[in-house]
Each structure stands twice: as C-alpha cells, then as structure tokens.
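Read through the structure below, which is laid out as structure tokens, and then see the notes.
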Amino acid sequence: MKIKTSKILKILLPILLGVFLVWYSLSKTPLDELIEHFKKADYTWVALGVLCGILSHLSRAYRWQFMLEPLGYKPKYPNSVMAVFVAYLANLGIPRSGEALRALTLTNYEGVPFEKGFGTIVAERVADLIVMLFVIIATLFMQFDFIWNLLMTKLDPTKVIFLLSAMIIGGIALIIFIKRAKKGIALKIKNFIIGVFEGATSILKMKRKWAFIFHTLFIWAMYILMFYVTMLSVADLQGKAPVGAILIAFIAGSFSIAVTNGGTGAYPLAIAAAFSLFYIERGPSEGFGWIMWASQTLMIIVMGGLSFLYLPIFNRKKNL
C-alpha cells in the first residue's frame, strides 16, 4: 500500500517543528536552570491548575450535549468526555486532527453521523472564537496605553498610522469584494463567513442556550484560572506580573497551541516573549511556560490514553 508523500509530510512536519522549537527554547534558557525551576515549583498550585484544566474539558464534553440534542442524538456523557480527551491527545501529534477523531468516536460508539458530529464541533469552535476575541478586546482596552506606547517606541508613528489606514481601507475593500462575489475563491470565503455567522447565531436558537453560554464562559474562566494558579507555583513570578501581562501571555500561549501540535516547544517561548514586554525575567518566565505546558500535556496524555483504552471496554455491551 503506497502512502502519499503529502500525508507523510503532514505527519512529520509538526513533529520536526516541535523538535526544533524545543531545541530553540532550550538554547535560550539552559536545561539546568529549567530543572531548577521544576525543583523549586510549588506543586500544590500545579495540581490546582491541572484540576482547572480537567474541569474545562468535562464542561466542554457536557456543552457538546447541547449541540447534539437538537439533532436528535443523546450520547452517553462518559463517551462525550472520552471523545474530548482522545481529541486533545490526537492534537499533540497532528494539529487539528482531534476534531475529526472526536466526531468519529461518537460515530463509532453512539451512531452520530460523522458530518453532523463534526458540524457541531465547528459550531462550538465558533463560540470559543467569539470568547477569545472578547478576551483580546478586553486586554486591548485594559492595556491600550501600554500597547500604544510599545508600538510608538518600536515602530515609526507614521508607519503605524499608514498601516492602520491600509488595514481599514483593505478591510472595507474586502467586504465589498466578497459581498459581490459570484464565483471562485471569493465565493468560498463568502460562504465560509456566512457559515460561521449562521453557526454563531444558531447558538441563540437552542433550547438550552443559556446553559450553553454558561459552560462556554466557564470553560474559558477555567483556562485563565489554570494559567494564573500555575504561574503562582513559580516563586520568582509572584507579584511581578500585572493582570494585563497575564492576559497577554495567556493569549500568546493560546495562539502557540493553536498553530502547533499542542504548543510543543512554542508555548514556553510565547510566554517568555509576552512577559518580556513587561520586563519580567526570561528564566522564570520560560520555566513557568515549561511547567504549565508539561503539566497540562501530561494530564492530556494520561486522560487521553486512558480514554482511548477504556472506550471499547465501556461500550463492549453495545458491540456484543
């Protein structure tokens, strides 16, 4: 059986990127210094951070039920939970592969058609994206003076104004172009935007929309809380990071996870880069990034691995 080169590259590239980023991170902060941060860490806070992470995933699995119910499907909650953990485990290997595996898990064990299950996952990701945008906007408002001064210091003010003007004009031109689209890639973009909008507004039409909104906010509250409490495990960071720095670092870390395979190597670099804007030392910042990434990744490996093994056992009666 021949395997396409593109498929091999799709598997190997994220792994190679992760290896490179790990090497690059360790080249910036000596390994013995990182080990020292791990030794000195207060693991009570780390454990509390892991608990927040688990609660967010349990809430995500419960929220998924609200999306499937209007379609006529009521999967067992344990299956939804295990599907979520298996999905996160898959994302450590190949970015975004977990969404397909998550839908496939319910297809195999609950009889939910793949396309319907996958559609609900896309819709809930839209809800997550909206909350993420609110977090970014809130951070921009809270740290507007800091961010503006940073841009003015790092960039020529004339260039900043020109760039903002170009972005506004470009955005208006793109909207007009897409609205008039009749074919080609512009039409695909238009349909995608319409689909995202419909997915977002469909949430408001759900029978249990307030429960869905509550769980969405709870999930993100747990994300931010697990970031904050884990940071408290590093004594050298306590009292040094203002709220704005924490939110900016949280956003940077979230993006690093989204664009790589689980943030391997990239997450500590993103945290250190964000904290450096506030003149916080690189060593403790990167040490915290590695502690945060390692604890959450270990949790995913354990819970995802156990879920993968227990799924067929839990559903064995159905398979008999």
Side-chain angles (χ1 to χ4, degrees), residues 11 14 46-128 131 203 206 208 211-212 214-223 225-226 254 257-258 260-264 292-320:
I11 295 171
V46 176
L48 188 57
V50 169
L51 177 62
C52 290
I54 292 173
L55 289 174
S56 73
H57 299 323
L58 294 177
S59 181
R60 180 174 294 278
Y62 194 69
R63 184 185 68 171
W64 196 16
Q65 310 280 82
F66 304 143
M67 303 292 291
L68 292 165
E69 190 176 4
L71 301 177
Y73 300 99
K74 293 183 179 180
K76 297 183 184 71
Y77 180 60
N79 278 335
S80 296
V81 170
M82 289 185 281
V84 166
F85 279 115
V86 168
Y88 278 106
L89 181 63
N91 282 336
L92 292 177
I94 304 175
R96 316 280 35 113
S97 64
E99 278 71 9
L101 185 58
R102 183 174 153 193
L104 190 60
T105 300
L106 282 202
T107 299
N108 290 337
Y109 295 111
E110 293 286 351
V112 178
F114 176 82
E115 62 278 5
K116 290 186 178 181
F118 189 76
T120 59
I121 295 169
V122 172
E124 71 171 33
R125 287 301 184 188
V126 171
D128 290 331
V131 177
I203 294 167
M206 294 168 55
R208 303 172 72 182
F212 181 93
F214 168 79
H215 278 278
T216 300
L217 295 176
F218 179 81
I219 289 166
W220 282 89
M222 288 299 102
Y223 284 167
L225 188 60
M226 76 181 183
S254 299
I257 291 172
T260 62
N261 48 334
T264 305
M292 176 74 184
W293 178 84
S295 60
Q296 295 297 324
T297 300
L298 180 61
M299 179 266 287
I300 290 297
I301 290 172
V302 172
M303 299 298 289
L306 290 174
S307 296
F308 182 78
L309 294 172
Y310 189 62
L311 265 167
I313 297 172
F314 179 77
N315 293 280
R316 64 183 181 274
K317 289 183 180 180
K318 180 182 272 191
N319 296 328
L320 291 175

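Note that this is a predicted model, so its numbers are computed, not measured.
Here the side chains of Met226 and Leu55 are not in contact, with every heavy-atom distance at 4.5 Å or above. Side-chain contact between Tyr88 and Leu92: absent, with no pair of heavy atoms (C-beta onward) separated by less than 4.5 Å. Within the 4.5 Å cutoff, no side-chain heavy atoms of Tyr109 are placed close to those of Pro75. A 4.5 Å side-chain heavy-atom check between Ser56 and Trp220 finds every atom pair outside the cut-off. In this structure, Phe85 and Arg60 have side chains that are not in contact, with every pair of non-hydrogen atoms separated by 4.5 Å or more. Side-chain contact between Ile257 and Trp293: absent, with no pair of heavy atoms (C-beta onward) separated by less than 4.5 Å. The side-chain heavy atoms of Met299 and His57, taken from C-beta on, include a pair separated by under 4.5 Å.
For the side-chain hydrogen bond (donor to acceptor under 3.5 Å, both in side chains) test, no residue two or more places apart in sequence or in another chain qualifies with Thr107. Residues meeting the salt bridge (Lys or Arg N to Asp or Glu O under 4.0 Å) test with Glu99, sequence neighbours left out: Arg96, Arg125. In terms of the side-chain hydrogen bond (donor to acceptor under 3.5 Å, both in side chains) criterion, Ser295 has no residue partners (sequence neighbours excluded).
Nearest heavy-atom pair, Met222 versus Cys52, reported as atom, atom and distance to 0.1 Å: CB-O, 3.5 Å. Between Gln296 and Gly49, the closest heavy-atom pair is NE2-O, 3.1 Å. In terms of heavy atoms, Leu89 sits closest to Gly305 at CD2-N, 3.7 Å. Nearest approach of Ala127 to Arg63, heavy atoms of both residues: CB-NH1, 4.5 Å. A pairwise comparison of heavy atoms in Gly98 and Ala90 identifies CA-CB, 3.9 Å as the closest pair. In plain terms, the two heavy atoms of Asn315 and Leu311 that are nearest each other are ND2-O, 2.8 Å.
Classified by interplanar angle (parallel below 30°, tilted 30° to 60°, perpendicular above 60°), the ring pair Tyr62/His215 is tilted. Note: Phe118 and Phe114 have parallel aromatic rings, judged against thresholds of 30 and 60 degrees for the angle between ring planes. Aromatic ring orientation, Phe214 versus Phe218: parallel (interplanar angle below 30°, classes split at 30° and 60°).
The CD atom of Glu124 sits 8.0 Å away from the OG1 atom of Thr216 when rounded to the nearest 0.5 Å. Rounding to the nearest 0.5 Å places CD of Gln65 at 12.5 Å from CZ of Phe212. To the nearest 0.5 Å, atoms OG1 (Thr105) and CG (Asn79) are separated by 9.0 Å. Leu106 contributes atom CG, which lies 6.5 Å from atom CG of Leu68 (distance to the nearest 0.5 angstrom). Distance check: Leu306 CG to Ile301 CD1 gives 11.5 Å after rounding to the nearest 0.5 Å. A distance of 13.0 Å separates CD in Glu69 from OG1 in Thr120, rounded to the nearest 0.5 Å.
Within a 6.0 Å sphere centred on CZ of Phe308, other residues, nucleotides and ligands contribute 12 heavy atoms or fewer.
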Set out, in order, the CA-CA distance, both residues' side-chain angles and the distance that settles side-chain contact (heavy atoms from CB on, under 4.5 Å) for Tyr310 and Met82, then state yes or no. CA-CA 8 Å; Tyr310 189 62; Met82 289 185 281; 3.6 Å; yes
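No donor-acceptor distance shorter than 3.5 angstrom exists from the side chain of Tyr73 to the backbone of Gly111, with no hydrogens or angles considered.
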